[in-house]
Amino acid sequence: MILSFILFAIYLFLFFQGRKEPGKNLFMKSAGYLVKKSPIKEIRKDSVMENLKILHPLKAVDNQVTAYYQQKLSFVLVVVFLGNCLVLLSGVSNWQTTNLKNNRITRNSYGEQERYVKLLAAVGESKRELMLQVAAIKYDRTQIEKIFLEMEQEIRKEMLLENESFEQVKSSLYFPEKIKDYPVEIDYATDHYDYVDITGEVKNEALTQPVIVVVEVTLSYESFSRQFFVPLTLYPKEYTEEEALFQKVQQRIEEQDKQQETSKELILPEKIGDEEIVYKEIKEETELPLFLLTLGAGIVVYFLGDRELSKKVEKRRKALQLEYPEFVSKFTLLTGAGMPVKPALNKLAKDYKDKRRAGAVKNFTCEELQTAVYEMESGILEEAAYEHFGKRCEIPCYVKFSGLLIQNMKKGSNDMFLLLDKEVKEAFEERKSNGRRLGEEAGTKLLLPMMLMLGIVMVLIIVPAFLSYQL
């Protein structure tokens, strides 16, 4: 509880300090304040910057890093805040649910389980934890005898089932195990188990004449039941003076419990000898584990953000690898038809832009090509734009393609079309190789589910066969 209030105080401080920061809500503003004032942005900054630069090359890297950490921290703050609210509600609920009040413990109702209450008892300077087993409210003699009579009538009525009377029993009987949820144990016994067992099944196939079978029904509730004794020899345990004192306290409570078992509350003894007994209920600490779990969830969410960012970069790399054959094939087709290199690249970029406006899916190669076109339009040398294009893609085939373009600009190449045609063939061969590799990876991933399905099929075949063999 105290930790939760401290954490809420920290949130109030962050909300106040971050009120002037940019953001849609208090959590975004607080995250912006943390990014600005704390060194948290320096954790794995280099790898994060590299990945963000790859994904968004046209945006300022510093602004991207700040926005990335602000977004990630805001999500962490929301997770921890909601978890802390849950911790606080759990603590309040636990605080309000009390078993001890004015030295009285409320019992559970009739037929319910006993209640376990952990107390801290103080006698003078000594203190000791006591685990009490407080029985539920019990029936007195008059009540239980009335219940026994009602249950006897119900059992007699239900026992016959399809039989006309107890004088003509021809089919199995029904021995109910419970009547109206009364906390009474019902035990059955017969003097001829060969004919009627304790489940009520009648075995009369081999009978040649009527047989009288007596069914004994025993109803048991606490001390109101048939008793038997097992002689055991026990020696009292030797207690220290303090242990003996609290043993007396425990015995006094148990005696009180037995004497007051028909009342709704157990009144605890207030004195032992001349010493006064002070009780304090010990509540189980459920808030701390939940609090730690909340903080752990926040830490996991924080570091998962970097993992997701790396996954996006890997996804982009694989997409670029798959898109290359189609891209270089289109470019070769345009240049082979007589179009110069730069107009051919501009046309590919423009066609992609029109398709995106019409709702086409994102193509990472064309996105990078658009960036190269924007660079050339902004005044960057054509050679530098081609080099940047190859570096941003970070895949050998794109670096080789940009090298061909630069070579064509510097020296001029009459064989460029042949080189591009060769590059197209190699790209499609590489694509086939990648396809086979992806197919093998998919087959490997499906191996475990297939083995599980095979095991289930074998169980479905073998188990019935084994059972039929045993029969």
Side-chain angles (χ1 to χ4, degrees), residues 50-51 53-58 311-378 380-443:
E50 190 66 26
N51 289 335
K53 188 176 179 180
I54 291 172
L55 292 174
H56 308 287
L58 296 181
K311 283 185 178 180
K312 288 181 180 178
V313 173
E314 181 63 20
K315 180 181 178 182
R316 171 186 176 275
R317 188 191 67 80
K318 290 181 178 180
L320 285 170
Q321 190 78 39
L322 294 173
E323 293 164 0
Y324 180 71
E326 184 178 355
F327 163 72
V328 74
S329 176
K330 288 181 178 178
F331 177 76
T332 303
L333 184 64
L334 292 174
T335 54
M339 186 177 290
V341 171
K342 185 175 180 181
L345 293 175
N346 287 337
K347 177 172 176 53
L348 290 175
K350 183 178 180 302
D351 291 345
Y352 171 71
K353 189 175 182 180
D354 294 339
K355 289 179 181 179
R356 283 290 284 171
R357 287 175 179 172
V361 295
K362 185 176 182 179
N363 185 290
F364 289 98
T365 302
C366 292
E367 291 284 339
E368 296 299 339
L369 180 61
Q370 277 189 324
T371 303
V373 171
Y374 293 151
E375 286 180 341
M376 288 185 285
E377 290 176 351
S378 64
I380 294 178
L381 292 176
E382 189 176 342
E383 179 183 344
Y386 296 155
E387 185 178 357
H388 295 165
F389 172 75
K391 287 182 178 180
R392 284 196 305 271
C393 293
E394 289 188 326
I395 296 177
C397 56
Y398 285 92
V399 176
K400 182 178 179 181
F401 176 78
S402 64
L404 288 175
L405 298 183
I406 294 171
Q407 180 183 351
N408 180 64
M409 284 187 59
K410 287 183 176 180
K411 301 179 180 179
S413 178
N414 297 326
D415 299 330
M416 182 178 177
F417 180 77
L418 297 176
L419 293 173
L420 286 174
D421 187 56
K422 181 181 177 182
E423 183 68 16
V424 170
K425 293 177 181 179
E426 291 179 355
F428 276 102
E429 287 298 324
E430 182 67 21
R431 184 170 185 174
K432 291 178 184 178
S433 177
N434 288 334
R436 284 192 296 270
R437 180 176 53 81
L438 292 174
E440 291 172 358
E441 290 179 358

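In this text the structure is predicted, and so the values were computed from the model without any measurement.
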**Asked** So, for T335 and A344, which heavy atoms are closest and what is the spacing to 0.1 Å?
**Response** CG2-CB, 4.2 Å

**Prompt:** Yes or no on salt bridge (charged side-chain N to carboxylate O under 4.0 Å, His left out) for K355 and D351, after CA distance, side-chain angles and deciding distance?
**Reply:** CA-CA 6 Å; K355 289 179 181 179; D351 291 345; over 6 Å; no

**Prompt:** Within a reach of under 6.0 Å around CD of E367, are more than 12 heavy atoms found that belong to other residues, nucleotides or ligands?
**Reply:** yes

**Prompt:** Is any side-chain N of the basic residue among D354 and K350 closer than 4.0 Å to the acidic one's carboxylate O?
**Reply:** yes

**Message:** Please give me the minimum heavy-atom distance between S402 and Y386, naming the atom from each residue.
**Reply:** CB-O, 3.2 Å

**Message:** Restricting to non-hydrogen atoms, name the atom on T332 and the atom on V328 that form the minimum distance, rounded to 0.1 Å.
**Reply:** OG1-O, 2.7 Å

**Asked** Short question: side chain of E323, backbone of N363 - any donor-acceptor pair under 3.5 Å?
**Response** no

**Where A349 and V373 come nearest, the two heavy atoms and their spacing** = CB-CG2, 3.9 Å

**Message:** So, taking the atom named SG in C393 and the one named CZ in F327, what distance separates them when rounded to the nearest 0.5 Å?
**Reply:** 8.0 Å

**Prompt:** Could you go step by step and tell me if Y352 and T365 meet the side chain to side chain donor-acceptor pair (under 3.5 Å) rule?
**Reply:** CA-CA 10 Å; Y352 171 71; T365 302; over 6 Å; no

**Item:** OG1 on T371 to NE2 on H388, rounded to 0.5 Å
**Value:** 12.0 Å

**Prompt:** Any side-chain heavy atom of K353 sitting closer than 4.5 Å to one from R356?
**Reply:** no

**Asked** Do the non-hydrogen side-chain atoms of E368 and R316 ever get within less than 4.5 Å of each other?
**Response** yes

**Request:** Scan L345, L405, L369 and name whichever one has a side chain to side chain contact (heavy atoms under 4.5 Å, CB included) with F389.
**Result:** L369

**Request:** Please name the pair of heavy atoms, one in A385 and one in M376, separated by the smallest distance, quoted to 0.1 Å.
**Result:** CB-CG, 3.5 Å

**Sole candidate of E314, Q321, K315 that passes side chain to side chain contact (heavy atoms under 4.5 Å, CB included) when paired with K318** = E314

**Prompt:** Taking side chain as C-beta onward, heavy atoms only, is F331 less than 4.5 Å from V341?
**Reply:** yes

**Message:** Please report the interatomic distance CD(E377) to CG(N346), rounded to the nearest 0.5 Å.
**Reply:** 6.5 Å

**Message:** Given 3.5 Å as the limit, does a donor-acceptor pair link the side chain of Y324 with the main chain of I395, or not?
**Reply:** no

